[in-house]
Undergrad: 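One structure, pasted below without further comment.
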Number of protein chains: 2
Amino acid sequence: MKYTNQRVAILDFLKDNFNHPTVEEIFETVKQKLPRITKATVYKNLKILVANGLIKEVNIKGVSRFEAKMEPHHHIICTSCGKILDFKSKELIDYALKMIENQTEIIIDSAETTFFGRCEICE
Amino acid sequence: MKYTNQRVAILDFLKDNFNHPTVEEIFETVKQKLPRITKATVYKNLKILVANGLIKEVNIKGVSRFEAKMEPHHHIICTSCGKILDFKSKELIDYALKMIENQTEIIIDSAETTFFGRCEICE
DNA sequence: GTACGTGCAAATGATTTGCGTTAAG
DNA sequence: CTTAACGCAAATCATTTGCACGTAC
């Protein structure tokens, strides 16, 4: 994979942004640095960056969002303001895996949990 | 909400089908009973059935799927054959909620967990 | 220099919308 | 009877693709 300007700009943006931006938001921001970039290029690059394990794609309410935080973690979505918070808990991940291991024959590789609620500002 | 033939057919199909069908699959099946039904009608009805709490929408790998099983449960997806299994564990749900309650100010209403792994046939 | 990536425009696919007609209650 | 829902076609929106040109390595 070549580290082109476009690719690096997308990566840099995601490394600094913890709001789980959508394709549209990534495109609009990167466009400010590289005005000639197109959405097709953003799409192609996001796919390649995901495939190379440099970013993660999360689907929230049918919308694709991206993040550069690679450690396993959960997402909490405020159903009032739409904010997406990260929630990391190794205990919870381990507990879930043990639970499944005990009750099924299935070998789990990864898990994705999304919680819905109201954040401290909105409640 | 009126219980039209189309709506009842969709509901009946989902009540008997535990494979988390997509819009396309629902459309193709219901079409056999009601040949004049269109995809637009299926879309409109799925939305209304979700809004009325009669079915649930789950988004798996960017694809919308539907189910009539309303009790909270988790999904396990076999990354080899694509099969989607249900996994119900009240303990796990309670544990997750307690974990968040202890560590944040957020009030959680619901949670959606998707596990990725290989099923007993594929492993 | 070569292969991979870019930008553009066109294609595809999913979902939504508007509207005249039909049927549920 | 009245209003919500249907079927159809067109519109919209997200994402993908093909291809000539450009650039990272």
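Residue numbers begin at 1 in each chain, while the letters A, B, ... track the order of the sequences. Since we're looking at a predicted model, the values are computed, not measured.
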Undergrad: Rounded to whole angstrom units, what separation is found between the CG atom of A:L11 and the P atom of D:dA24?
TA: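 That distance rounds to 16 Å.
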Undergrad: Looking at residues 40-55 of chain B, who's got a heavy atom less than 4.0 Å off DNA chain C?
TA: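 DNA chain C contact set from residues 40-55 of chain B: B:A40, B:Y43, B:K44, B:K47.
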Undergrad: How long is the line joining NZ of B:K61 and C1' of D:dA14, in whole Å?
TA: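 Those two atoms, NZ and C1', are 19 Å apart.
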Undergrad: Is the side chain of B:R118 donor-acceptor paired with the backbone N or O of B:C78 at a distance under 3.5 Å, no angle test?
TA: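 No, B:R118 side chain to B:C78 backbone: no donor-acceptor pair under 3.5 Å.
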Undergrad: Nearest nucleotide by nearest heavy atom, which residue falls closer to the 5' end of DNA chain D, A:K39 or B:N5?
TA: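 Residue closer to the 5' terminus by nearest nucleotide: B:N5.
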Undergrad: Starting from P on D:dG22, measure out to CG on A:L34 and report it in whole angstrom.
TA: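 About 17 Å, once rounded to whole Å.
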Undergrad: Which atoms form the tightest heavy-atom contact between A:D109 and B:G117, and what is the distance?
TA: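 For A:D109 versus B:G117, the nearest heavy atoms are OD2-CA, 3.7 Å.
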Undergrad: Atom CZ of B:F66 and atom C1' of C:dA14: how far apart are they, to the nearest Å?
TA: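 So the CZ-C1' distance, B:F66 to C:dA14, works out to 12 Å.
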Undergrad: Looking at every non-hydrogen atom in both residues, tell me the closest pair between A:V23 and A:F66 and how far apart they are.
TA: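 Looking at all heavy atoms of both residues, the closest pair is CG2-CE1, 3.7 Å.
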Undergrad: What does A:Q6 touch in the nucleic acid at a heavy-atom separation under 4.0 angstrom: a base, only the sugar-phosphate, or nothing?
TA: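 The residue A:Q6 makes sugar-phosphate contact but no base contact.
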Undergrad: Whether A:R7 contacts C:dT6 is assessed here as follows: a side-chain N or O lying under 4.0 Å from the phosphate OP1 or OP2. Is that the case?
TA: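 Answer is yes, contact under 4.0 Å.
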Undergrad: Examine C:dT6: is either OP1 or OP2 under 4.0 Å from a nitrogen or oxygen in the side chain of A:T4? Give yes or no.
TA: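 True: A:T4 side-chain N/O within range (under 4.0 Å) of C:dT6 OP1/OP2.
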Undergrad: Please report, rounded to the nearest Å, how far the P atom of D:dC21 is from the CZ atom of A:R36.
TA: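 It works out to 14 Å between those atoms.
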Undergrad: Show every donor-acceptor pair shorter than 3.5 Å between a side-chain atom in residues 29-37 of chain A and any protein atom, with sequence neighbours excluded, or say none if there are none.
TA:
{"residue": "A:T29", "atom": "OG1", "partner": "A:E25", "partner atom": "O", "Å": "2.9"}

Undergrad: Output the single nucleotide from C:dT15, C:dT6, D:dC8 whose closest atom is nearest the side chain of B:V23.
TA: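 Of the candidates, C:dT15 comes closest.
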Undergrad: Of the nucleotides D:dA4, C:dC8, C:dT6, which has the atom closest to the B:K2 side chain?
TA: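 Side chain of B:K2 sits closest to D:dA4.
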Undergrad: For the side chain of A:R65 and the backbone of A:H20, is there at least one donor-acceptor N/O pair under 3.5 Å apart?
TA: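 Checking the backbone N and O of A:H20 against the side chain of A:R65, a donor-acceptor pair under 3.5 Å is found.
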Undergrad: Return the minimal non-hydrogen interatomic distance between A:Q103 and B:K88, and the atom names on each side.
TA: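 Heavy atoms only, the tightest pair is OE1-O, 4.3 Å.
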Undergrad: Grab the CD1-C1' distance between B:I10 and D:dA5 for me, whole Å please.
TA: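 Spelled out: CD1 on B:I10 to C1' on D:dA5 is 12 Å.
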Undergrad: Quick check against the 3.5 Å criterion: does B:N17 have a side-chain atom that pairs as donor or acceptor with the backbone of B:N19?
TA: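 Confirmed, B:N17 side chain pairs with B:N19 backbone.
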Undergrad: Between C:dG13 atom P and B:F27 atom CZ, what is the distance in whole Å?
TA: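 One finds 15 Å between P of C:dG13 and CZ of B:F27, rounded.
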Undergrad: In whole angstrom, what separates B:Y3's OH from D:dT3's C1'?
TA: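 Distance check: B:Y3 OH to D:dT3 C1' gives 18 Å.
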